[in-house]
Student: 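I am attaching a structure below and will ask some questions about it afterwards.
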Amino acid sequence: MRERMWLRATCAAVLLLAASDLASAQDNMLVRNSGAFRVQIGINGDGSPEYVDCGRLNLYKTETGREWRLEDTCDQLIDVMLPPIVPTPTPQPTGGPITPTPTPKSTVSGECPDGFFQKVSNTQWTLSNVVLTQGKDHVWCADLPTTRSAFFEIGTTNKGNSSCSNVEMTAIAPTGLEYFSNGAQPGVPPFSSPGRWRVKLHLKEGCSRYDVNILYY
């Protein structure tokens with residue numbers, strides 16, 4: 001089963017890269033909104049997440065509008081797309097049932113110190129006119145449902161001059177996987193995953209007033 005899923009994921013990645021190569025000759029990449037694509041590959045010795053650069057997430061201006069493309073991906077991306085295989089213990093364990101000790105869940109205030117996105121429709125969640133404090137992490141949450149789409153979009157709109165600031169965005173999936181972007185109007189197209197998403201913005205310098213939108217098709 002894993003081999004068949006790996007083959008489907010590989011074929012999809014090849015088709016996506018081939019389509020990007022064919023279109024790149026006539027499309028223009030928006031360098032300001034493009035950058036490295038990072039995936040979490042595990043936990044290091046001190047318990048902190050460990051990441052690896054896995055290609056580039058580039059925004060192109062095409063004849064029909066704007067289009068995100070994931071290019072030059074790495075092998076770790078296939079592991080992220082495939083479900084983990086749970087091994088069957090040998091020999092079968094004996095004895096009575098083992099009751100796990102529950103791990104305390106972070107409170108809503110701890111997970112979402114700046115509140116929640118407002119649901120505008122079944123496909124859109126938004127924050128309007130948020131003001132960022134320079135040097136501070138701002139974190140909002142959105143509880144997203146199940147969808148058939150493989151990707152969705154999280155984007156920002158700079159309410160001041162479109163080139164006057166540098167903001168870092170980190171979108172954190174319910175699984176803990178992180179997607180990073182930075183610039184005057186950062187944005188990412190994560191893999192769809194139902195559950196509580198956290199969106200962190202960090203203003204390094206410049207204009208501070210933004211709109212933030214989640215388009216979840």
Student: Quick check against the 3.5 Å criterion: does T123 have a side-chain atom that pairs as donor or acceptor with the backbone of Y216?
Tutor: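 It does not hold such a pair.
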Student: When hydrophobic residues are tied together by side-chain contacts of less than 4.5 Å, even through go-betweens, does F191 share a cluster with I172?
Tutor: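 No, F191 and I172 fall in different hydrophobic clusters.
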Student: Using the side-chain contact (heavy atoms from CB on, under 4.5 Å) rule, take N129 and R209 through it: C-alpha gap first, then chi angles, then the decisive distance, then the call.
Tutor: CA-CA 6 Å; N129 289 318; R209 193 160 58 93; 3.0 Å; yes
Student: Which pair of heavy atoms, one from H138 and one from T133, lies closest together, and at what distance?
Tutor: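 In this case the closest contact between H138 and T133 is NE2-N, 2.9 Å.
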Student: Provide the closest heavy-atom pair for P145 versus W125 in the form atom of the first, atom of the second, distance.
Tutor: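 The answer is CD-CH2, 3.8 Å.
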Student: Does Y210 form a side-chain contact (heavy atoms from CB on, under 4.5 Å) with L127? I'd like the steps, not just the answer.
Tutor: CA-CA 8 Å; Y210 278 81; L127 296 171; over 6 Å; no
Student: Under the side chain to side chain donor-acceptor pair (under 3.5 Å) rule, what do S128 and D211 come out as? Steps first, then yes or no, please.
Tutor: CA-CA 5 Å; S128 298; D211 287 344; 4.5 Å; no
Student: Quick check on the hydrophobic clustering: are Y217 and V199 connected, directly or via other members, by side-chain heavy-atom contacts under 4.5 Å?
Tutor: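 Cluster IDs for Y217 and V199 differ.
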Student: Are any of the side-chain heavy atoms of E168 and D137 separated by less than 4.5 Å?
Tutor: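 E168 does not reach D137 side chain to side chain.
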Student: How about F117 and V212: do any of their side-chain heavy atoms sit closer than 4.5 Å?
Tutor: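 Counting from C-beta outward, F117 and V212 do come under 4.5 Å.
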Student: Applying side-chain contact (heavy atoms from CB on, under 4.5 Å), run through L215 and F152 and close with a yes or a no.
Tutor: CA-CA 6 Å; L215 299 179; F152 68 102; over 6 Å; no
Student: Same cluster or not: are V167 and V139 linked, directly or through other Ile, Leu, Val, Met, Phe, Trp or Tyr residues, by side-chain heavy atoms under 4.5 angstrom apart?
Tutor: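 Different clusters.
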Student: Between F116 and A142, which heavy-atom pair has the shortest distance, and what is it?
Tutor: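 Minimum heavy-atom contact is CD2-N, 4.4 Å.
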Student: Can you measure from CG (L203) to CG (L201) and round to the nearest 0.5 angstrom?
Tutor: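 It is 9.0 Å, given to the nearest 0.5 Å.
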Student: Would you say T170's side chain and Y179's backbone share a donor-acceptor pair under 3.5 angstrom?
Tutor: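 Flag not set: sc T170 to bb Y179 has no pair under 3.5 Å.
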Student: Quick one: pull up CE in M29 and CZ in R69 and give me the separation to the nearest 0.5 Å.
Tutor: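 Here the rounded value is 10.5 Å.
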Student: So, the side chain of W140 versus the backbone of D114: is there a donor-acceptor pair under 3.5 Å, distance only?
Tutor: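 At least one qualifying donor-acceptor pair exists.
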Student: How close do K204 and Q134 get, heavy atom to heavy atom, and via which atoms?
Tutor: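 Heavy atoms only, the tightest pair is O-NE2, 3.1 Å.
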Student: Would I154 and M169 count as a side-chain contact (heavy atoms from CB on, under 4.5 Å) here? Give the steps.
Tutor: CA-CA 10 Å; I154 304 177; M169 169 191 283; 3.9 Å; yes
Student: Looking at every heavy atom in both P174 and P194, which two are closest together, and how far apart are they?
Tutor: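 Residues P174 and P194, closest heavy atoms: CG-O, 3.5 Å.
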Student: Taking the side chain from S181 and the backbone from G187, do they hold a donor-acceptor pair closer than 3.5 Å?
Tutor: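 Such a contact is found between S181 side chain and G187 backbone.
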Student: Nearest 0.5 Å, what's the CD-CG distance between Q185 and N182?
Tutor: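 These two atoms lie 13.0 Å from each other.
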Student: Using a distance-only test with no angle check, is there a side-chain donor-acceptor pair under 3.5 angstrom linking N58 and E71?
Tutor: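 Yes, E71 and N58 have a side-chain donor paired with an acceptor closer than 3.5 Å.
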Student: Say you draw a straight line from CG of N122 to OG1 of T147; how long is it, rounded to the nearest 0.5 Å?
Tutor: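 The OG1 atom of T147 is 11.0 Å from CG of N122, to the nearest 0.5 Å.
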Student: Nearest 0.5 Å, please: how far is CG in N166 from SG in C207?
Tutor: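 Answer for the SG-CG pair, C207 versus N166, is 11.5 Å.
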Student: Salt bridge between R198 and E111, side-chain N to carboxylate O under 4.0 Å?
Tutor: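 Looking at R198 and E111, the cut-off is not met.
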Student: What heavy-atom pair brings T156 and P186 nearest, and what distance separates the two atoms?
Tutor: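 In terms of heavy atoms, the two residues are closest at OG1-O, 2.7 Å.
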Student: About how many Å separate CD of E153 and CD of Q124, when rounded to the nearest 0.5 Å?
Tutor: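 One gets 11.0 Å once the value is rounded to the nearest 0.5 Å.
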